[in-house]
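One-based numbering, in listed order, for ligands and for the atoms of each. Hydrogens, waters and symmetry mates play no part in the numbers below; they use all other heavy atoms, side chains included.
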Amino acid sequence: MSQSKTLIVTGGAGFIGGNFIYHLLNNHYKVINLDALTYAGHMETLLNTNDNDKHIFVKGRIGDSDLVESLFDEYQPAAIVNFAAESHVDRSIDGPAEFIQTNVVETLSLLESTRKKIKNYSSQAQQDFRFLHVSTDEVYGSLGDTGLFTEETPYAPNSPYAASKASSDHLVRSYLHTYGLPVLITNCSNNYGPYQFPEKLIPLIILNALEGKPLPVYGNGLNVRDWLYVEDHCAAIRTVLEKGRVGEKYNVGGNYEKTNIEIVKTICRLLDEVKPQASKEPYEKLITYVDDRPGHDLRYAIDSSKIKNELGWTPAETFESGIRKTLQWYLDNLEWCRQVTDKNYNRNRLGTSL
Ligand code: NAD
Ligand code: DAU
């Protein structure tokens, strides 16, 4: 795919989508950013695109077929990159229906609008078109103490969030096999970095610590996640878009497996170094073990050898440098945190309803 082309990115006012918008603009793409601005989507994330005429923001839902189809008519995009989703496991425990609505029903609608509209493209443009669906390693379920998720690992989603993403992956795949839509799927591990909404572990711990509040660790803190710096995920998605083989799925991971308690203690140690508490007490004293997440997956770990060997992607950031950068970003952007949470989120525990 040539870099002068126009793309539609959905969910580009969220965490990864927002970072991806900057990544594309730095790489000379023109982007139509379609986002519904839910509790997780914020124009404050896009302030640095303000004077960039290659970024056009459109407020709306991926399930609004008239709107999506009008964007095809106006811009003839060369690809759609679909980030738009409900993304938080804890919220899916409290209210699965919204996850089915956006991640399944509206993703189907986006596929349908795309299928309908690219029929008007020339046959070459139809072949060159890409529908890239951004998905998660959670579709594979949970690992024990050993092993890695490969692209061949059977799907076994355990939360309503994971089940909704698994369902959308299957729909995307079916649109290639049934209708010939040129699709790609990426399944990525846990991201961290700038602009992550503070309901997720890393920003929540940073902000609670700065306010001297308890640092909630679910269960025994020994669940493992495989952490990837968000810019590396963005580079992986662009690599798949430009070089991926149609119909293939690619796992993406950082190869940095950490227990949750290690993550929380690392943040505490870095904060002791760069922003010690006035009392001089170590931040670790704020750690509080709380009830476990229902159905909590024990361990995720990704085998990224397919994207590395076939497409030449490798992550640039180490966990040590990435977590320092992330912490500094939050320290420098407390106003962003205040603006995006002010009306709709107070960092209280989510996802305990059974
Ligand atoms: P996020 O919650 O930060 O952002 C989601 C964005 O989608 C928001 O801007 C929201 O306004 C928008 N949105 C929600 N419903 C919409 C709809 N119906 N129409 C249009 N826009 C809508 O999510 P994120 O963490 O940036 O994740 C983005 C994607 O990447 C998701 O599909 C998620 O499943 C996937 N993913 C996330 C991670 C991670 O660690 N965060 C890892 C792997 C994959
Ligand atoms: O693996 C990819 C997935 O990573 C993405 O698909 C999801 O969209 C993304 O939200 C993330 O899911 P997790 O559930 O792993 O992320 P979260 O930040 O919610 O939790 C990370 C781990 O930390 C998890 O084991 C639960 C635990 N946790 C989380 C919170 C919010 C705590 O111990 N305390 C907390 O307060």
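- Taking a 4.0 Å cut-off on heavy atoms, Gly12 fails to register as neighbouring ligand 1.
- Each of Glu86, Glu199, Glu98 was evaluated against Arg91; a single residue qualifies, Glu199, per the salt bridge (Lys or Arg N to Asp or Glu O under 4.0 Å) test.
- The shortest contact between atom 3 (O) of ligand 1 and any protein heavy atom is with Phe15 N, 3.1 Å.
- Below 4.0 Å from some heavy atom of Leu37 lie the following atoms of ligand 1, by number and element: 11 (O).
- Summarising the contacts of atom 14 (C) of ligand 1 with Ala85, Ala162, Ala36, the nearest heavy atom is found in Ala85.
- At the shortest separation from atom 9 (C) of ligand 2 among protein heavy atoms lies Ser87 O, 4.0 Å.
- For ligand 1, one of its N or O atoms has an N or O atom of Tyr161 under 3.5 Å away.
- When only non-hydrogen protein atoms are considered, atom 2 (O) of ligand 1 lies nearest to Ser87 OG, 2.7 Å.
- Distances from atom 18 (O) of ligand 2 to the heavy atoms of Asp90, Leu201, Asn191, Asn223 put Leu201 nearest.
- Side-chain atoms of Thr146 and Arg299 form no donor-acceptor pair, as typed in the model, at a separation below 3.5 Å.
- Taking the six-membered ring where tryptophan is involved, the planes of Tyr195 and Tyr22 are essentially parallel, since the angle between them stays under 30° and well short of 60°.
- Atom 27 (C) of ligand 2 has its closest protein heavy atom at Asn260 ND2, 3.4 Å.
- The closest approach between a heavy atom of Ser189 and any atom of ligand 1 is below 4.0 Å.
- Nearest non-hydrogen protein atom to atom 1 (O) of ligand 2 is Asp137 OD1, 2.5 Å.
- In terms of protein heavy-atom proximity, atom 5 (C) of ligand 2 is closest to Tyr161 OH, 3.6 Å.
- In terms of protein heavy-atom proximity, atom 11 (C) of ligand 2 is nearest to Asn190 ND2, 3.4 Å.
- Distances below 4.0 Å separate heavy atoms of His88 from the following atoms of ligand 2: 19 (O).
- Of the protein's heavy atoms, Pro216 O, 2.9 Å lies nearest to atom 34 (N) of ligand 2.
- Of all atoms in ligand 1, listed by their number and element, those nearer than 4.0 Å to a heavy atom of Ser135 are 43 (C), 44 (C).
- Ranking protein heavy atoms by distance to atom 41 (N) of ligand 1, first place goes to Ile16 CD1, 3.6 Å.
- In this structure, Arg225 fails the cation-pi test against Tyr192, since its NZ or CZ atom is not both closer than 6.0 Å to the six-membered ring centre and inside 45 degrees of the ring normal.
- Near Val217, meaning under 4.0 Å from one of its heavy atoms, ligand 2 places the atoms 33 (O).
- For atom 31 (C) of ligand 2, the closest heavy atom belonging to the protein is Glu199 O, 3.4 Å.
- Contact atoms of ligand 1 toward Ala84: 7 (O), 20 (C), 21 (N), 22 (C) (distance under 4.0 Å to a heavy atom of the residue).
- With a 4.5 Å cut-off on side-chain heavy atoms, His233 and Phe20 do not count as touching.
- Closest heavy-atom approach to atom 20 (O) of ligand 2 within the set Arg91, Arg293, Lys200: this belongs to Arg293.
- Here is the list of ligand 1 atoms found below 4.0 Å of a heavy atom in Val134: 30 (O), 32 (O).
- Side-chain contact check for Asp169 and Asn187: at least one donor-acceptor pair (N or O, by modelled atom type) lies under 3.5 Å.
- Atom numbering of ligand 1 starts at 1 in the shown order; those under 4.0 Å from a heavy atom of Gly41 are 8 (C), 9 (O), 11 (O).
- Looking at ligand 1, you won't find any N or O of Leu34 less than 3.5 Å from one of its N or O atoms.
- Looking only at protein heavy atoms, the nearest one to atom 26 (C) of ligand 2 is His296 NE2, 3.5 Å.
- Each of the atoms 40 (O) of ligand 1 lies under 4.0 Å from some heavy atom of Asn190.
- At a cut-off of 3.5 Å, with distance as the only test, a side-chain donor of Thr10 or Asn82 sits close to an acceptor on the other residue.
- Within the listing of ligand 2, atoms 1 (O) sit less than 4.0 angstrom from a heavy atom of Tyr300.
- In summary, of the residues considered (Trp336, Tyr330, Tyr345), a ring-ring contact (aromatic ring centres under 6.0 Å, His included) with Phe197 occurs for Tyr345 alone.
- The contact set between ligand 2 and Val89, taken as ligand atoms under 4.0 Å from a residue heavy atom, comprises 14 (O).
- Nearest-heavy-atom check against atom 18 (N) of ligand 1 across Glu106, Glu98, Lys59 picks out Glu106.
- Counting heavy atoms under 4.0 Å from ligand 1, residue Arg61 touches it through both backbone and side chain.
- Near Thr38, meaning under 4.0 Å from one of its heavy atoms, ligand 1 places the atoms 10 (C), 11 (O), 14 (C), 15 (N).
- Selection from Glu138, Gln196, Glu86 by nearest heavy atom to atom 3 (C) of ligand 2 gives Glu138.
- Annotation for ligand 1: atoms under 4.0 Å from non-hydrogen atoms of Cys188 are 42 (C), 43 (C).
- Considering both main-chain and side-chain atoms, Leu204 never comes within under 3.5 Å of ligand 2 through any nitrogen or oxygen pair.
- Inclusion of Asn191 in the set of residues having an N or O under 3.5 Å from an N or O of ligand 1 is warranted.
- From the protein, the heavy atom lying nearest to atom 31 (C) of ligand 1 is Phe83 O, 3.3 Å.
- Between the side chains of Arg238 and Tyr29, not a single donor N or O lies within less than 3.5 Å of an accepting N or O.
- Inclusion of His42 in the set of residues having an N or O under 3.5 Å from an N or O of ligand 1 is not warranted.
- The part of Lys165 lying near ligand 1 is the side chain, judged by heavy-atom distances below 4.0 Å.
- No side-chain N or O of Glu257 forms a donor-acceptor pair with one of Tyr300 less than 3.5 Å apart.
- Checking only distances, Asp35 does come within under 3.5 Å of ligand 1, N or O to N or O.
- The residue among Ile62, Leu110, Thr102 with a heavy atom at the shortest distance from atom 15 (N) of ligand 1 is Thr102.
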